[in-house]
Amino acid sequence: MKITEIEVLEADLSGRDGMASWRVVLARVHTDEGISGLGEAGVTYGTGAPAAGPMILTLGERFVLGADPFHTDTVWESLLRRSVWADGGGPIVYAAMSAIDSALWDIKGRALGQPVHQLLGRATPAPLRCYASQLHLGWGENGRWLGEPEQYTEAAVQAREDGYDCVKVNPIMMDREGKYATGLRGILTPAQRKLFRQRMEAVREGLGPDADIILELNALTSTAGALQIAELVQDLGILFIEEPTHNNSDHAHLKTARKSPIPLAIGERLYTRWGFLPYLEAGAIDMIQPDVCLVGGISEAHRVAHLAHAYDVGVQAHVCGSPLATAIALQFEAGIPNFDIHENHAYTLRHANRELFEEDLQPVNGKFAVPTRPGFGMTLRSDAEQRMVKSSVKLAK
Ligand code: MG
């Protein structure tokens, strides 16, 4: 089998259904046998998505066209070593590599009639435990960013009613009016700490005693502030603190890990096994959160998970993208031995995102059944595809 064309499909949904910045970038890889596969670049949110499509096409044209899609490891290593910039690169090059690699796994699954987790050697597991992620963005189809502590209680109650026994919330991202907060670097003031504590108490009140809370800090805090918050909320039963401090400084993270009374989780802004290794070696991370659409695709996510397995560290895929990103994460999580919990992001509930694919993947009672159709089993809706901006590179005849 030979790769003949690589397409990029983009949908800018920014501003729709409360999603401030939301630009989906997909790769679709075609073969000479009529089988095609889908992958996604994990830069849907934040700034940078417009750069991912051209990177997919540039890498694809130089190193992927003409290759056999079954040779995922050969293609991956070629992208890493021959592109110059992937060897030490950042989110755009790794997002592009991830999209290409995942699309190849989708092709392999479709060609063999197997879901990706079975290609990775794993039997289909029981439905995966799942948590309601990013409550502060508002939970539900019409969620809006939350300000007052009472709103955090309401969101927690809603998540509990939906069947979740774990949630993730960032108590510092929003100001009291529910707008993006500023002034979070350095030590935090008594007024800030009071508000953050009130919100975390509100979440615990809404959940009751028999549910877990992951405290998300999104690397908005400095080490000093993260440690202040850890001390402030440790009595509320916090499972992990996520991204307590700078991603550009493993020293800051190590310092936090040494002093924090709560275990730490990071990974959505780490790339490849070399990015995770220093944290694992130092014993400074208690759950890894690689994003399959950023870490290097299914191939590299699988390697990173096994690297963590050697350190007895569990895995939760970071997921914040289109329904395809959810499908990819589920196949990865079902395909590893050290899965802990699946992240169901608040934006997976928003209509504009759900309307991209024919399959509407949602958990039931806080548990996610792993799809067993070939590949990732996802079908882009034709009406959604018509609205997407497309570009492609093709193998010369
Ligand atoms: Mg996060």
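Throughout, numbering of the chain's residues begins at 1 and tracks the sequence.
Put simply, the side chain of R199 gets close to the backbone of P171: a donor and an acceptor are under 3.5 Å apart. In this structure, the side chain of R23 does not engage the main chain of A11 through any donor-acceptor pair within 3.5 Å. Looking only at distances, no side-chain donor or acceptor of D162 sits under 3.5 Å from a matching main-chain atom of Y164. Checking side-chain atoms of Q151 against main-chain N and O of E148 turns up a donor-acceptor pair under 3.5 Å. Judged by distance alone, with hydrogens and angles left aside, the side-chain atoms of E343 form a donor-acceptor pair with the main-chain N or O of V319 at under 3.5 Å. No donor-acceptor pair under 3.5 Å is formed between the side chain of E5 and the backbone N or O of K394. A donor-acceptor pair is defined here as one N or O able to donate and one able to accept, closer than 3.5 Å; such a pair exists between the side chain of D175 and the backbone of E177. Looking only at distances, no side-chain donor or acceptor of H351 sits under 3.5 Å from a matching main-chain atom of D17.
In terms of hydrophobic clustering, with Ile, Leu, Val, Met, Phe, Trp and Tyr side chains grouped at heavy-atom distances under 4.5 Å, F196 and M200 are assigned to a common cluster. A single hydrophobic cluster is not seen to contain both L239 and L217; linkage of ILVMFWY side chains at heavy-atom distances under 4.5 Å, directly or through other members, places them apart. No single ILVMFWY cluster, assembled from side-chain heavy atoms under 4.5 Å apart, contains both I214 and I229. Under the 4.5 Å side-chain contact rule for hydrophobic residues, F276 and W274 share a cluster. The hydrophobic clustering, which links ILVMFWY residues whose side-chain heavy atoms are closer than 4.5 Å, places V93 and L104 together.
Counting heavy atoms from C-beta outward, I6 and L65 have side chains that approach closer than 4.5 Å. V167 has its side chain out of reach of R160: every pair of non-hydrogen atoms, C-beta onward, lies at least 4.5 Å apart. Annotation: side chain of L38 is in contact with side chain of F357 (closest heavy-atom distance under 4.5 Å). Looking at L120 and I298, their side chains come closer than 4.5 Å, going by heavy atoms from C-beta outward. In this structure the side chain of V8 reaches within 4.5 angstrom of the side chain of V25, judged on heavy atoms. Put simply, the side chain of T44 does not reach to within 4.5 Å of the side chain of Y347, judged on heavy atoms. For the pair E359/P371, no side-chain contact is recorded, criterion being any heavy-atom separation below 4.5 Å from C-beta on.
The pair R303-D73 meets the salt-bridge criterion, with a side-chain N (NZ, NE, NH1 or NH2) lying under 4.0 Å from an Asp/Glu carboxylate O. By the 4.0 Å N-to-carboxylate-O rule, K390 lies close enough to E385 to be salt-bridged with it.
Atom CD of residue E268 and atom CG of residue L294 lie 8.5 Å apart, to the nearest 0.5 angstrom. The CG atom of N353 sits 5.0 Å away from the CH2 atom of W22 when rounded to the nearest 0.5 Å. Interatomic distance, CG of L79 versus CG of D87, reported as 12.0 Å (0.5 Å rounding). Between E40 atom CD and T326 atom OG1 the span is 8.5 Å, to the nearest 0.5 Å. Distance check: L349 CG to R354 CZ gives 6.0 Å after rounding to the nearest 0.5 Å. Here CD1 of I100 is found 12.0 Å from OG of S299. Values are rounded to the nearest 0.5 Å.
Judged purely by distance below 3.5 Å, without hydrogens or angles, the side chains of E231 and Q234 pair a donor atom with an acceptor atom. In summary, the side chains of E300 and H302 do not present any donor paired with an acceptor at a separation below 3.5 Å, with no hydrogens or angles considered.
Among V315, I288, D312, V313, the one residue that satisfies the side-chain contact (heavy atoms from CB on, under 4.5 Å) test with N338 is V315.
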I'd like to know whether L380 forms a side-chain contact (heavy atoms from CB on, under 4.5 Å) with M388, so could you lay out the CA-CA distance, the side-chain angles of the two residues, the decisive distance to 0.1 Å, and finally the verdict.
CA-CA 11 Å; L380 197 56; M388 291 177 134; 4.0 Å; yes
Can D360 and R381 be said to form a salt bridge (charged side-chain N to carboxylate O under 4.0 Å, His left out), step by step?
CA-CA 11 Å; D360 185 20; R381 269 173 54 167; over 6 Å; no
